[in-house]
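Here the structure is a predicted model, which means the values were calculated and not measured. Protein chains get the first letters and strands the later ones, always in sequence-line order, with residue 1 at the start of each.
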Number of protein chains: 2
Amino acid sequence: MPDLSDVAAVAGVSKATASRALNGSGLVAAETAVRVVAAAARLGYVPNRAARELARGRSGIIAIVVPTLDNAFFTPIIAGAQARAEEAGLQLTVAVHALDAAGAFDRLARQVDGFLVVAPRGNDTLVASSGSAKPAVLVDREIDGMTSVVADTASAFGTLTTRLAAEGHSRIVYVGGPPGSWQDRQRTAAVRDAARQAGSELTVLGPCPATFTAGVEVTPAVLETGATAVVPYATSIGLGLLLALGTRGVDVPRDLVVSTEPTVIEALGLEHTPAIDVDGEELGRTAMDLLTRQLDGQDEPGRQVRLAVPVRG
Amino acid sequence: MPDLSDVAAVAGVSKATASRALNGSGLVAAETAVRVVAAAARLGYVPNRAARELARGRSGIIAIVVPTLDNAFFTPIIAGAQARAEEAGLQLTVAVHALDAAGAFDRLARQVDGFLVVAPRGNDTLVASSGSAKPAVLVDREIDGMTSVVADTASAFGTLTTRLAAEGHSRIVYVGGPPGSWQDRQRTAAVRDAARQAGSELTVLGPCPATFTAGVEVTPAVLETGATAVVPYATSIGLGLLLALGTRGVDVPRDLVVSTEPTVIEALGLEHTPAIDVDGEELGRTAMDLLTRQLDGQDEPGRQVRLAVPVRG
DNA sequence: TTCGTTGATGGAACCGGTTGCAGAGGACCC
DNA sequence: GGGTCCTCTGCAACCGGTTCCATCAACGAA
């Protein structure tokens with residue numbers, strides 16, 4: 001396993017020059033640099049991550065902190081972040097903090113260069129302070145002063161509600177998400193506004209955990225309202241609704257329109273059913289981009305990015 | 001940020017002794033060790049991972065390679081492995097290899113101490129060779145000579161089929177999984193055997209990707225067989241079936257029994273419906289245990305563990 | 001011709017741990 | 001009392017890079 005001295009020897013230069021050449025420091029004569037790079041390639045040299053990390057004082061590791069992996073909303077975010085991390089030569093480690101977020105941060109803070117924080121719920125100050133030790137990017141939530149990227153689902157939920165109302169749904173149900181969810185607050189407000197402006201009657205149910213079981217359980221309450229359209233906080237809740245409605249013989253979408261996401265709508269061939277299309281991978285990619293820019297000093301903390309969320313169907 | 005010399009100074013010993021004390025080498029007098037540990041605790045000392053890694057020549061990083069995160073079967077495995085890794089003081093990095101598994105291994109092999117390989121499909125020799133550079137544990141698949149842990153779903157599928165037959169289902173459908181899936185081969189064989197022995201007629205459909213869309217799409221074919229019970233390869237396929245059956249007005253389970261997993265059965269209140277209960281987290285935990293034992297030299301490669309899978313309902 | 005600059009390079013310290021080896025000191029045996 | 005062995009400890013080398021600083025050659029200007 002060749003090391004930097006081997007490369008230097010083959011190229012006929014010192015370790016120092018070899019290091020500079022391979023890192024493109026610009027202080028090396030072009031011709032020398034070419035020689036070094038060629039030598040490295042010939043030997044199949046791969047830098048030792050640990051040594052580099054020790055010398056540079058940076059680990060090259062980013063942690064993405066998620067509350068759970070059981071939620072299909074989070075996994076694309078991880079996948080997107082992972083892809084970008086790989087491109088940037090960084091390792092991504094996934095930390096699941098069911099409850100003990102603070103503990104997870106403390107343990108990891110010394111080990112990583114930065115955090116991607118997916119913390120849909122919980123106290124603002126707590127979340128903010130957790131990421132204070134190292135650069136952090138908050139995903140799908142906004143807190144003043146923290147860099148963040150969110151999918152603008154609030155607008156999308158508003159649009160979707162407006163559209164439903166325009167199609168004649170005068171009674172609409174919104175099934176709310178988990179208690180304390182930042183996105184749920186945004187969405188509830190947006191749906192309320194849209195319904196009021198369109199003159200539709202809105203019932204807000206919930207809170208519900210983002211699971212299909214919760215969707216099943218909330219079904220009777222939804223039917224009781226006599227609504228003709230239901231907008232669930234999460235796709236998983238929507239799936240639960242669809243399943244339960246099926247076993248109860250309710251005709252979807254004739255008797256009740258259930259908005260979920262495009263793949264579901266399409267697979268089931270549902271008509272007259274609007275759906276919001278959140279690109280989780282893009283969320284992950286953007287978050288990682290924001291973090292690397294911050295690590296490179298190209299960005300100040302505090303930048304807030306909103307990704308538009310299309311409404312389909 | 002305290003370092004080992006600080007700890008040593010406070011404890012009144014040398015770096016060497018401090019290091020040994022903190023790593024429990026046993027060469028340190030008990031009383032000295034206590035002093036060092038106390039000093040470390042007081043200073044809030046956290047060892048520098050990079051330095052340790054460089055000195056030891058091991059990275060303390062394990063990679064878990066999964067084909068995708070979009071499949072709810074894999075995520076609990078990751079969660080379980082993650083939990084165990086944390087206990088063992090190891091970092092876990094998640095590598096997603098949609099297609100390019102070999103590439104993922106090459107890139108990572110220098111960076112990590114070992115692999116957890118989740119590769120349900122694909123060629124045996126390819127999978128086996130991928131993990132050859134570093135210790136590896138294969139998850140939910142068996143290949144001769146490789147350490148592995150599998151959920152014994154084949155037996156469970158057999159039991160489940162037997163039970164369905166015993167309850168009077170003389171026509172059963174098995175909806176097969178993705179092409180080339182190792183588990184699918186095992187399950188198909190087990191289901192075939194059980195059906196034959198019980199004298200039930202079995203139709204095997206598929207192959208199907210493990211998605212709920214595939215479940216929706218296969219529904220007409222299932223209904224066409226006239227079967228009264230269907231056993232899908234994956235929960236996601238089962239959910240698709242249930243959704244599509246609901247929109248078609250088929251009464252589940254009266255007209256057709258769909259076996260899925262306990263949470264689904266329970267949430268929907270389905271009766272007469274057996275379900276297999278795979279503990280994905282246990283799979284992940286066991287895999288990580290096997291790997292750490294191998295890294296510590298306590299185990300030889302090649303050990304194969306099978307976890308029993310209960311059939312409920 | 002000589003001096004000051006600039007650009008390229010090398011020497012060596014350093015990052016923060018681990019570990020081989022040697023040595024100090026005490027216990028035990030002859 | 002002297003020698004041997006054992007236990008515990010410290011010194012210093014080492015892991016493989018990065019980077020500060022000094023050096024040196026070449027070149028333009030005075």
[X], nearest nucleotide to its side chain (from [options]):
X     : options                : result
A:R52 : C:dT9, C:dT18, D:dT18  : D:dT18
B:R56 : D:dT18, C:dT18, C:dG16 : C:dT18
B:L27 : D:dT18, C:dG16, D:dT9  : D:dT9
A:D3  : D:dC11, C:dG10, D:dG17 : D:dG17

Hey, does the side chain of [X] come within less than 4.0 Å of [N]'s phosphate (OP1/OP2), counting only N and O?
X     : N      : result
B:N23 : C:dT18 : yes
B:T17 : D:dG10 : yes
B:S19 : C:dG17 : no

Quick check: are there more than 12 heavy atoms from other residues, nucleotides or ligands sitting under 6.0 Å from [atom1] of [X]?
X      : atom1 : value
B:R42  : CZ    : no
B:N123 : CG    : yes
B:Q298 : CD    : yes
B:R58  : CZ    : no

Rounded off to whole Å, could you give me the [atom1]-to-[atom2] distance for the [X] and [N] pair?
X      : N      : atom1 : atom2 : result
B:R58  : C:dG17 : CZ    : P     : 17 Å
B:L22  : C:dT18 : CG    : C1'   : 12 Å
A:L4   : C:dG10 : CG    : P     : 12 Å
B:M1   : C:dC15 : CE    : C1'   : 14 Å
A:Q111 : C:dG17 : CD    : C1'   : 13 Å

Problem - Full working for side chain to side chain contact (heavy atoms under 4.5 Å, CB included) between A:D279 and A:R285 - result: CA-CA 10 Å; A:D279 188 343; A:R285 283 193 295 265; 4.1 Å; yes
Practice task
Can you check whether any acceptor in the base of D:dG17 is under 3.5 Å from a donor in the side chain of A:K15, or vice versa?
Solution key: yes
Problem - Any donor-acceptor N/O pair under 3.5 Å between C:dG10 base and A:R20 side chain - result: yes
Handout entry: Closest-nucleotide 5' rank along DNA chain D - winner of B:A51 and B:V13
Key = B:V13
Practice task
List in numerical order all residues of residues 29-38 of chain A for which some heavy atom is under 4.0 Å away from an atom belonging to DNA chain D.
Solution key: none
Practice task
Could you point out which residue of B:I78, B:I77, B:L69 forms a side chain to side chain contact (heavy atoms under 4.5 Å, CB included) with A:L69?
Solution key: B:I78
Handout entry: B:T147 and B:Q294: side chain donor to acceptor below 3.5 Å
Key = yes
Handout entry: Polar contact flag, side-chain donor to acceptor under 3.5 angstrom, B:Q183-B:T153
Key = yes
Exercise for the section: For residues B:A8 and B:A18, report the shortest heavy-atom separation together with the two atoms involved. Expected result: CB-CB, 4.0 Å
Completion exercise
Contacts of B:L54 and B:A16 projected onto DNA chain C by closest heavy atom; the upstream (5') one is B:L54
Handout entry: Terminal helix-axis angle for the helix from C:dT1-D:dA30 to C:dC30-D:dG1, with five pairs defining each axis and rounding to 10 degrees
Key = 60°
Completion exercise
CD1 of B:I64 to CE of B:M288, rounded to nearest 0.5 Å, is 7.0 Å
